[in-house]
Amino acid sequence: MAKYNHREIENKWRKIWAESPVNIDDGKKPKYYCLDMFPYPSASGLHVGHWRGYVISDVWSRYKLLNGHYIIHPMGWDSFGLPAENYAIKMGTHPAKTTADNVTSIKTQINQISALYDWDLEFSTTDPDFYKWTQWIFVKMFKAGLAYEKEMPINWCPSCKTGLANEEVVNGACERCGSDATKKNLKQWMLKITQYADRLLDDLDKLDWPEKVKKMQADWIGKSYGAEVDFAVAGREEKITVFTTRTDTLYGATFMVLAPEHGLAASLATDDKKAAVEAYIYESSLKSSVDRLQDKEKTGIFTGSYAINPLNGEKLEIWLADYVLADYGTGAIMCVPAHDERDFEFAAKFGLPIVQVIAKDGIEIPDMTEPYCEPNGTVINSGDWNGMESSHLKATAPEMIEKRGLGKKTTNFKLRDWVFSRQRYWGEPIPIIHCPDCGCVPVPEEELPLLLPNVESYEPTGTGESPLAAICDWVNTTCPSCGASAKRETNTMPQWAGSSWYFLRYIDNKNNDVLVDKEKASKYLPVDMYIGGVEHAVLHLLYSRFYTKFLYDIGYVDFEEPFAKLFNQGMITGKNGVKMSKSKGNVVSPDDLVRDYGCDSLRLYELFVGPPELDSEWDDRGIEGVFRFLSKFYNLVLENKDKNVKPTAEMLRVRHKMIFDITQRLNNFSLNTVVSGFMEYNNKMIELSRNGGIDKETLITGVILLAPFAPHIAEELYKELGGSKLTPGSDTKLTPGDISWSVFANSWPVADEALMADNEKEVAIQLNGKTKKIVLMPADISKDDALAAGKEVLGERLSGEIVKEIYVPGRIVNIVVK
RNA sequence: GCCGCAGUGGCGGAAUUGGUAGACGCACAGGACUUAAAAUCCUGCGGGCUCAACACCCGUACCGGUUCGAUUCCGGUUUGCGGCACCA
């Protein structure tokens with residue numbers, strides 16, 4: 001028996017593919033853009049978890065290649081940003097150097113996967129030729145009024161010493177390092193992503209994305225419909241505007257609460273309350289956002305002032321409480337304790353009145369012990385609204401309020417503008433010049449890129465100033481507009497800046513005139529399939545959608561959504577679901593496995609470990625199984641290639657069922673069962689081979705099906721089988737552009753369902769739904785004959801009166817007796 | 001607290017619209033080949049009952065329902081994971 005020498009085979013075909021790539025753009029084939037979320041060049045290298053995503057995308061790419069597409073399958077480096085910079089600081093080496101070194105070593109590892117990557121398209125986000133356009137987009141946004149400066153308290157990571165976007169704060173902690181985020185008052189560049197909130201929400205419907213991710217984005221955008229209602233303040237000029245989604249409960253408002261930061265908070269205090277109110281406002285200002293989040297126990301203070309319910313003229317106490325968010329809605333709420341949990345809790349604690357305005361199960365509860373929050377039921381205690389259905393009223397009341405001049409209907413979003421400045425060195429400089437006369441002036445487009453100055457000291461200052469601020473000869477410049485001496489903006493962009501649009505650049509990565517040529521963009525974009533981890537559900541994926549919509553609006557691309565289809569692969573973990581990490585010491589490197597079992601075996605095993613969308617625990621031992629499968633298939637082909645066996649009906653059946661099953665599972669993205677399918681059909685073919693051999697065409701079919709998964713062995717066996725014009729065993733002749741030697745020159749096989757059909761089916765004979773025996777029956781047996789056969793099998797077990805007889809063709813005979 | 005996903009042998013996991021539960025693989029056990037080992041091949045492998053086989057019974061987290069038939073559908077419970085978390 002021949003030995004499957006994976007090392008020899010894989011080295012050989014790697015060399016051949018390098019000389020003569022099999023993925024060729026002939027201008028006629030439809031394109032298919034399959035993209036991996038690009039990695040940041042980490043020093044720790046790849047582990048088997050990284051491999052998984054890359055294998056999935058490569059299998060899919062090669063499948064599309066066999067379906068007649070030209071594949072765009074690029075790879076690049078997300079090399080600006082905190083992880084790269086932190087690593088450089090730790091090593092005491094400039095990030096430009098560590099980043100370049102890491103790219104070199106990771107690229108070597110990625111090449112072991114033997115993916116179809118087209119390295120001509122490669123770039124790093126740190127390449128000036130690339131970030132020129134990252135800066136250019138910023139300038140365009142500035143000119144469009146989407147980038148603006150604002151001083152406000154933002155999320156601040158004391159460990160990373162930089163401001164963070166809302167999206168980067170997870171449970172009050174820095175998404176990167178896990179430190180508790182604090183607030184810091186800083187002048188920041190902001191991107192007006194909120195202007196796109198509606199489109200970002202509505203266009204989710206167009207996307208073939210996991211529902212989970214779409215929902216996470218929808219929740220993050222957080223649109224709610226309701227009304228802004230004006231409440232007069234008793235005895236004063238001012239009015240207080242509140243936002244509510246439950247306009248239907250307006251008659252049930254029994255008090256009001258303002259955030260301590262509300263503009264009127266202090267001035268509403270009556271003389272006797274002044275000291276206490278000011279103390280409360282001061283105390284709240286000391287609380288961190290984390291404290292305010294975790295402190296569920298409600299606090300508050302009565303201002304002494306009253307508001308008037310615009311509908312019924314009732315006097316409402318105005319309170320301050322820090323459970324009301326200053327930066328959502330108007331920073332003030334009307335409180336309906338009967339129908340809101342938080343208001344109920346507050347009313348209960350401070351003894352405020354509770355008025356029920358929606359009947360629960362048709363009744364008014366005399367002493368409510370818990371709020372009734374469902375918006376359905378008959379409206380009561382609500383003047384002219386009495387008797388209406390609350391869900392209907394909820395939808396129509398905002399309009400009625402507006403007509404009566406009491407407020408206006410409106411929508412609110414949870415989404416906030418994007419805090420875009422980072423007080424760190426390793427990022428794109430924000431191309432803005434601060435002129436004492438002209439204000440903020442963008443660096444002229446023709447002067448881009450604005451290079452990141454190369455400096456000795458790049459550690460974060462922690463003061464809220466970027467390290468760039470210390471480089472006087474860089475900071476001091478002249479205003480492009482008036483020529484006066486001016487200063488450069490010293491903050492840099494977040495890591496997300498480059499990744500928000502990088503997928504466009506692969507198409508045209510050497511273009512110095514435009515970020516991507518319009519014709520090329522129109523031909524090759526958008527991305528058809530995007531593969532990566534779910535951790536970017538609201539960060540990168542939301543930002544990319546925003547950037548794409550902006551570039552669409554200013555006419556640079558002709559599509560509004562960057563990623564038509566999204567696939568999130570599950571994580572590969574160590575034992576007991578523990579995330580692989582250096583510190584846990586449970587990282588499995590692919591290098592040894594490739595050496596011992598080969599790239600093809602590891603590719604298959606990465607898929608075989610479990611459903612691709614779920615997390616899977618890694619167990620090295622399982623790779624033996626796929627290696628054995630490849631060895632057996634290798635031998636099966638070599639043993640049968642010269643036998644000239646004529647295909648029998650059984651061989652045709654196996655061949656076409658194999659095509660059908662593999663294709664269907666692949667289309668369903670059930671890649672783990674594709675691999676088990678190969679093993680199953682391999683076992684069947686081995687069985688056939690033992691009974692006299694197997695025909696060549698069936699073997700070639702198996703090889704083509706296997707090619708996207710295990711490309712090296714597929715090429716080798718295809719050649720051994722004399723695929724195309726090749727002479728088995730001879731050296732492969734390479735002519736540029738001619739790939740007739742390759743298994744990838746084939747089309748994906750098509751199953752002939754007529755040839756798949758079995759003559760006989762295994763039918764389960766059931767008595768009262770319990771299987772008693774399995775018998776072979778002709779596939780075309782009539783119902784009566786099948787039932788008769790079934791009864792015969794059951795024989796004397798069949799006592800009592802038969803009440804029902806069921807025949808499911810080719811599957812079940814079920815006799816029901818009483 | 002709210003929302004989503006999941007619970008199947010010793011393990012990873014399979015099961016078209018409800019239709020033979022445990023495919024495929026790992027591990028394990030026994031056997032063949034070998035002086036021996038490795039590799040390879042063959043056989044077995046959910047539990048109970050049984051010396052064994054046949055037969056029978058139980059079995060897809062738990063309880064209940066619909067159905068001739070439920071891992072699949074419905075109601076309830078529970079455990080684990082993920083997301084959101086005072087957004088009015």
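Naming: A, B, ... by sequence-line order, numbering from 1 per chain. Since we're looking at a predicted model, the values are computed, not measured.
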Using a 4.0 Å heavy-atom cut-off, does [X] contact any base of the nucleic acid, only the sugar-phosphate backbone, or nothing at all?
| X | value |
| --- | --- |
| A:K223 | nothing |
| A:E762 | base |
| A:K414 | base |
| A:S224 | sugar-phosphate |

Counting only side-chain nitrogens and oxygens, does A:Y328 get under 4.0 Å of the OP1 or OP2 atom of B:A88?
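Indeed, a polar side-chain atom of A:Y328 lies that close.
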Can you see if the side chain of A:K770 gets near the phosphate of B:C58 - specifically, an N or O under 4.0 Å from OP1 or OP2?
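So the side chain of A:K770 is within the cut-off, an N or O lying under 4.0 Å from OP1 or OP2 of B:C58.
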Rounded to the nearest Å, what distance is computed from the CG atom of residue A:L767 to the C1' atom of nucleotide B:C57?
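In whole Å, B:C57 C1' and A:L767 CG are 15 Å from each other.
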Rounded [atom1] spacing from [N] to [M] in Å:
| N | M | atom1 | answer |
| --- | --- | --- | --- |
| B:C5 | B:A88 | C1' | 29 Å |
| B:A61 | B:C81 | C1' | 15 Å |
| B:U79 | B:G69 | P | 32 Å |
| B:A6 | B:C86 | P | 28 Å |
| B:G44 | B:U34 | P | 24 Å |
| B:G59 | B:A70 | P | 11 Å |
| B:C57 | B:A39 | P | 43 Å |
| B:C33 | B:C24 | C1' | 27 Å |

Is it the case that A:K298 places NZ or CZ above or below the six-membered ring of A:Y323, under 6.0 angstrom from the centre and within 45 degrees of the axis?
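Checked: cation-pi criterion met.
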On the six-membered ring of A:Y681, is A:K684 placed so that its NZ or CZ lies under 6.0 angstrom from the centre and within 45° of the ring axis?
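Yes, A:K684 and A:Y681 form such a contact.
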Using 30° and 60° as the class boundaries, would you call the ring planes of A:F669 and A:F567 parallel, tilted or perpendicular?
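Plane angle between 30° and 60°, so tilted.
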So A:H339 and A:Y372, would you call those rings parallel, tilted or perpendicular, with 30° and 60° as cut-offs?
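Because their plane-to-plane angle is over 60°, the rings of A:H339 and A:Y372 count as perpendicular.
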Proximity to the side chain of A:V816 - top-ranked nucleotide from B:C3, B:C68, B:A55:
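Out of B:C3, B:C68, B:A55, the nucleotide with an atom closest to A:V816's side chain is B:C68.
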Could you work out which one of B:C68, B:C57, B:C42 sits closest to the side chain of A:I806?
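Output: B:C68.
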Does one side chain, of A:E167 or A:W418, offer a donor that lies under 3.5 Å from an acceptor on the other?
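The criterion, which ignores hydrogens and geometry beyond distance, is not satisfied for A:W418 and A:E167.
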Looking only at side chains, do A:Y4 and A:S601 share a donor and an acceptor under 3.5 Å apart?
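No, no side-chain donor-acceptor contact under 3.5 Å.
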By the definition side-chain contact (heavy atoms from CB on, under 4.5 Å), identify the one residue from A:L201, A:D208, A:L204 that meets it with A:K214.
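So the option named by the test is A:L204.
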Is RNA chain B part of any stem, that is, at least 3 consecutive Watson-Crick or G-U pairs with both distances under 3.5 Å, and where?
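Only these stems qualify: B:1-7 with B:78-84, B:10-12 with B:24-26, B:28-32 with B:40-44, B:46-48 with B:56-58, B:61-65 with B:73-77.
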As a test of understanding, state which of A:T673, A:N667, A:N668 forms a side chain to side chain donor-acceptor pair (under 3.5 Å) with A:S670.
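Single pass found, and it is A:T673.
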Are more than 12 heavy atoms, taken from residues, nucleotides or ligands other than A:E792, located less than 6.0 Å from that residue's CD atom?
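Counting other residues, nucleotides and ligands, CD of A:E792 stays at 12 neighbours or fewer.
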Select from A:G610 and A:V808 the residue whose nearest nucleotide in RNA chain B is closer to the 5' end of that strand.
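Nearest nucleotide further toward 5': that of A:G610.
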A:Q664 or A:E617, whichever maps to the more 5' nucleotide of RNA chain B:
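Per heavy-atom nearest nucleotide, the more 5' residue is A:E617.
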Check ring-ring contact (aromatic ring centres under 6.0 Å, His included) between A:F678 and all other residues, then give those that pass, not counting sequence neighbours.
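A:F678 satisfies ring-ring contact (aromatic ring centres under 6.0 Å, His included) with A:F709 only.
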Can you give one letter per nucleotide of nucleotides 21-31 of chain B, going 5' to 3': B for a protein heavy atom under 4.0 Å from the base, S for sugar-phosphate only, - for none?
S-BBSSS----
Between the base of B:C86 and the side chain of A:K298, is there a donor and acceptor pair under 3.5 angstrom?
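Per atom types, the contact qualifies.
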